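Contents: one structure, followed by commentary.
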Amino acid sequence: MNAIFRREFRAYFYSPIAYVFMGVVLFLFGTYYWQVVMIGSSYYLGQVYGAMFTWLMLFLPALTMRSLSEDRKNKTDQALITAPVSVTGIVWGKFLAAFCIYLITMAITLIPAVVIGMFSEPSWALVFGNFVASLLYGSAILAIGIFVSSLTESQIVALIGTIGISIFLMLVDSLGSLIQSEWFQQVVTWISFQSRYSPFTNGIFNISSVVFFLSVIAVFNFITARRLESRRWS
């Protein structure tokens, strides 16, 4: 897994993907932080992450669109899945590489908050709550994106497919309120990412939400590994 992780992590910087992702995300964060400075109230620091949430969920699929689809397109996937490394190690190596790019980007976004906090008294519970929520939700999207990438040779299809799923997950709660069906609303409540994300944005550390997102990551990485396993034996 370590070899896969190092290979994938370096690959992000050999291509423009990491630079474009980090540049665009940090520019947008900088814009929102500038608005907070102009307003002159540190109360809105936590809301910077809330304002960036939708953008992050739409940009994250760019990190996973090439994870497995590029190997299939370039016919290097056979060498990968027949290498002396478990398919589980391959999947987790790719996931951790994408997650580290995301984590580094998010860690950098805390620097303006810390600087502003030196001259004010922001609600750090809200700031870090939103930060942790974005990491957990985003990590789940990364796991889903790698799974989608394993289904196609086209990076564009993987990108659009993951964006579509991300948008669906952000809107599914609204759909549940529109359809007056008890069983449908129960399904919506069960798959809802938003309901698990919301407590953190209010500064509440919810253990059950952490377990939910970690479970989503584990399940989709497991499914992706089984997908690669079936191709290895075929």
Side-chain angles (χ1 to χ4, degrees), residues 4 8-9 11-29 49-77 80-81 87 90-103 105-106 133-176 178-179 187-188 191-194 196-197 213 216-228 230-231:
I4 299 296
E8 291 297 314
F9 187 77
Y12 279 112
F13 292 97
Y14 290 153
S15 69
I17 294 177
Y19 301 104
V20 173
F21 174 80
M22 296 176 72
V24 172
V25 170
L26 293 176
F27 171 78
L28 290 174
F29 263 104
Y49 288 92
M52 277 297 300
F53 171 75
T54 301
W55 291 112
L56 285 173
M57 297 310 113
L58 294 179
F59 292 155
L60 277 174
L63 293 180
T64 61
M65 66 179 184
R66 56 169 289 279
S67 295
L68 292 168
S69 58
E70 185 179 52
D71 290 325
R72 291 186 62 181
K73 182 179 180 180
N74 296 334
K75 307 302 181 184
T76 57
D77 59 325
L80 183 64
I81 61 179
V87 290
I90 293 172
V91 173
W92 279 98
K94 288 178 175 290
F95 168 78
L96 290 175
F99 174 74
C100 281
I101 299 296
Y102 181 45
L103 177 61
T105 305
M106 293 298 291
S134 297
L135 279 183
L136 290 171
Y137 197 124
S139 299
I141 295 297
L142 290 175
I144 293 171
I146 293 175
F147 170 70
V148 174
S149 179
S150 71
L151 302 177
T152 178
E153 294 182 0
S154 172
Q155 295 185 36
I156 301 301
V157 172
L159 174 65
I160 295 175
T162 310
I163 290 176
I165 293 173
S166 184
I167 292 174
F168 170 77
L169 290 173
M170 287 189 287
L171 298 178
V172 67
D173 290 291
S174 300
L175 296 175
L178 293 175
I179 300 177
V187 171
V188 168
I191 66 173
S192 174
F193 279 34
Q194 291 291 121
R196 272 85 175 189
Y197 168 84
F213 284 116
V216 171
I217 294 168
V219 167
F220 274 94
N221 282 347
F222 175 81
I223 296 173
T224 306
R226 299 289 68 77
R227 168 74 178 173
L228 291 184
S230 66
R231 296 188 59 221

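Bear in mind that the values here come from a model prediction, so they are computed numbers and not experimental data. Residue numbers count from 1 along this sequence.
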Identify each donor-acceptor pair in which a side-chain atom of residues 162-169 lies under 3.5 Å from a protein atom, sequence neighbours left out, and give them as a table.
| unit_1 | atom_1 | unit_2 | atom_2 | d |
| --- | --- | --- | --- | --- |
| Thr162 | OG1 | Ala158 | O | 2.8 |
| Ser166 | OG | Met57 | O | 3.1 |

Which atom pairs, donor and acceptor, lie under 3.5 Å between side-chain atoms of residues 13-22 and protein residues at least two apart or in another chain?
| unit_1 | atom_1 | unit_2 | atom_2 | d |
| --- | --- | --- | --- | --- |
| Ser15 | OG | Ala11 | O | 3.2 |
| Ser15 | OG | Tyr12 | O | 3.4 |
| Tyr19 | OH | Phe13 | O | 3.2 |

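The shortest side-chain heavy-atom distance between Arg66 and Lys94 does not fall under the 4.5 Å cut-off.
Summarising the geometry, atom OG1 belonging to Thr64 is positioned 10.5 Å from atom CD belonging to Gln155; distances are rounded to the nearest 0.5 Å. Atoms CD1 and OG, on Ile160 and Ser154 in that order, are 7.5 Å from each other to the nearest 0.5 Å. The CG atom of Leu135 sits 9.5 Å away from atom CG of Leu56, with the distance rounded to the nearest 0.5 Å. Remark: Thr105 OG1 to Leu60 CG distance equals 9.0 Å, nearest 0.5 Å. In this structure, Leu151 CG and Arg227 CZ are separated by 5.5 Å, a value rounded to the nearest 0.5 Å.
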Decide side-chain contact (heavy atoms from CB on, under 4.5 Å) for Asn221 and Trp92; before the verdict, give the C-alpha distance in whole Å, the side-chain angles of both, and the deciding distance to 0.1 Å. CA-CA 7 Å; Asn221 282 347; Trp92 279 98; 3.4 Å; yes
side-chain contact (heavy atoms from CB on, under 4.5 Å) between Leu63 and Leu142, worked out: CA-CA 8 Å; Leu63 293 180; Leu142 290 175; 4.2 Å; yes
Apply the test side-chain contact (heavy atoms from CB on, under 4.5 Å) to residues Met170 and Tyr197: give CA-CA distance (whole Å), side-chain angles for both, the deciding distance (0.1 Å), then the verdict. CA-CA 10 Å; Met170 287 189 287; Tyr197 168 84; over 6 Å; no
Tell me, with the steps shown, if Ile156 and Met65 meet side-chain contact (heavy atoms from CB on, under 4.5 Å). CA-CA 7 Å; Ile156 301 301; Met65 66 179 184; 5.6 Å; no
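Ser139 pairs by the side-chain contact (heavy atoms from CB on, under 4.5 Å) definition with Phe95, Phe99, Ile217, not counting sequence neighbours. In this view, Leu96 and Met1, Phe5 satisfy the side-chain contact (heavy atoms from CB on, under 4.5 Å) rule, not counting sequence neighbours. Applying the ring-ring contact (aromatic ring centres under 6.0 Å, His included) test to Tyr102 and every residue at least two apart in sequence or in another chain returns nothing.
Between the side chain of Ser149 and the backbone N or O of Gly145, no donor-acceptor pair lies under 3.5 Å.
Note on ring orientation: taking the six-membered ring where Trp is involved, the planes of Tyr137 and Phe213 are tilted (angle from 30° to 60°).
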